Amino acid sequence: VQLVESGGGLVQPGGSLSLSCAASGFTFSSYAMSWYRQAPGKERELVAAITSGGSPTKYVDSVKGRFTISRDNAKNTVYLQMNSLKPEDTAVYYCNRLRNYYVDSWGTLDAWGQGTLVTVSS
């Protein structure tokens, strides 16, 4: 299994970024996928999740209305569109397969990759 995140960078508050996660080594269309983030000194948190078919989706309250998770099963890729970015969105962002979309506590299936760093700063 390989999950490769990309698209991070430095952006000003209010700006936008689009993250991508290219997956390989498993049947991508069979699994719910997720984006997590870990800010300096904080625990990793679930930001957004999407079912295998693309709907429904869910988000942590702090990003609702600003972030959108989507997927392209033909390209084995999951995306995170981030708008109206805030300094508190600064973190390393990771993607992973979910054990169960409906049970967050069951966690993820795969080892964490390197992630992609998002820095929101003026």
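All heavy atoms count here, side chains included; hydrogens, waters and symmetry mates do not. From a predicted model like this one, the values you see are computed outputs, not experimental measurements.
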| field | Closest non-hydrogen atom pair, Leu3 against Arg97 | value | CD1-N, 4.4 Å

| request: Rounded to the nearest 0.5 Å, what's the gap from CD on Gln114 to OG on Ser6? Could you check? | output: 12.0 Å

| request: Is it possible for you to check whether Arg71 lies under 6.0 Å from the centre of the six-membered ring of Phe28, through NZ or CZ, and within 45° of that ring's axis? | output: yes

| said: Quick check on the hydrophobic clustering: are Val47 and Val120 connected, directly or via other members, by side-chain heavy-atom contacts under 4.5 Å? | reply: yes

| message | Determine whether Tyr93 and Gln38 satisfy the following criterion, side-chain contact (heavy atoms from CB on, under 4.5 Å), listing intermediate values before the conclusion. | response | CA-CA 7 Å; Tyr93 285 71; Gln38 187 167 23; over 6 Å; no

| query | Between CD of Glu5 and SG of Cys95, what distance do you get to the nearest 0.5 Å? | reply | 4.0 Å

| request: With rounding to the nearest 0.5 Å, note down the distance linking OG1 in Thr108 to CZ in Arg99. | output: 7.0 Å

| said: Taking Leu117 as the starting point, is it possible to reach Leu85 by hopping between hydrophobic residues whose side chains are less than 4.5 Å apart? | reply: no

| said: One pair to check against side-chain contact (heavy atoms from CB on, under 4.5 Å): Thr51 and Met33. What are the steps and the verdict? | reply: CA-CA 7 Å; Thr51 56; Met33 295 296 295; over 6 Å; no

| said: Looking at every heavy atom in both Ser30 and Ser52, which two are closest together, and how far apart are they? | reply: C-CB, 3.8 Å

| task | Measure up the Tyr36 and Trp112 rings against each other and bin them: parallel (under 30°), tilted (30 to 60°), perpendicular (over 60°). | result | perpendicular

| message | Could you walk me through whether Lys86 and Asp89 satisfy the salt bridge (Lys or Arg N to Asp or Glu O under 4.0 Å) test, starting with their C-alpha distance in whole Å, then the side-chain angles of each, then the deciding distance to 0.1 Å, before giving a yes or no? | response | CA-CA 5 Å; Lys86 304 176 180 180; Asp89 296 318; over 6 Å; no

| said: Would you say the rings of Tyr59 and Phe67 are close, in the sense that their centroids are separated by under 6.0 Å? | reply: no

| said: Applying a strict under-4.5 Å side-chain criterion to I, L, V, M, F, W and Y, I'd like to know whether Leu10 and Val118 cluster together. | reply: no

| Quick one: CG on Asn83 to CZ on Arg66, what's the gap to the nearest 0.5 Å? | 9.0 Å

| said: I'd like to know if Ile69 and Met82 are part of one continuous hydrophobic network [Ile/Leu/Val/Met/Phe/Trp/Tyr, side-chain heavy atoms within less than 4.5 Å]. | reply: yes

| Is a side-chain N or O of Lys42 found less than 3.5 angstrom from the main chain of Ala91, in a donor-acceptor match? | no

| query | Would Ser34 and Asn96 count as having a side-chain donor-acceptor pair, cut-off 3.5 Å? | reply | no

| field | Residue pair Val78 / Ser70: nearest heavy atoms and the distance that separates them | value | CG2-O, 3.2 Å

| request: Kindly compute the distance separating NZ (Lys64) from OG1 (Thr57), expressed to the nearest 0.5 Å. | output: 10.0 Å

| message | Quick check: is Ile50 connected to Val1 through a chain of hydrophobic side chains (ILVMFWY, heavy atoms under 4.5 Å apart)? | response | yes

| Can you tell if the side chain of Ser121 reaches within under 4.5 Å of the side chain of Pro87, non-hydrogen atoms only? | no

| note | Rounding to 0.5 Å, atoms CH2 (Trp35) and CD (Glu45) come to a distance of 14.5 Å

| query | For the side chain of Thr77 and the backbone of Lys75, is there at least one donor-acceptor N/O pair under 3.5 Å apart? | reply | yes

| Are Arg37 and Tyr94 in a cation-pi contact, defined as NZ or CZ under 6.0 Å from the six-membered ring centre and within 45° of the axis? | no

| query | Under the side-chain contact (heavy atoms from CB on, under 4.5 Å) criterion, do Asn100 and Leu98 qualify, and how do the steps go? | reply | CA-CA 5 Å; Asn100 189 312; Leu98 287 174; over 6 Å; no

| remark: Heavy atoms of Ala48 and Leu80 approach each other most closely as CB-CD1, 4.1 Å

| request: Evaluate the side-chain contact (heavy atoms from CB on, under 4.5 Å) criterion for residues Leu46 and Val60: first the C-alpha distance (whole Å), next the side-chain angles of each, then the deciding distance (0.1 Å), finally the verdict. | output: CA-CA 7 Å; Leu46 176 62; Val60 68; over 6 Å; no

| query | Minimum heavy-atom separation for Ser16 to Ser84, with atom names? | reply | OG-N, 4.4 Å

| note | Tightest non-hydrogen contact, residues Ala39 and Thr90, listed as CB-O, 3.5 Å

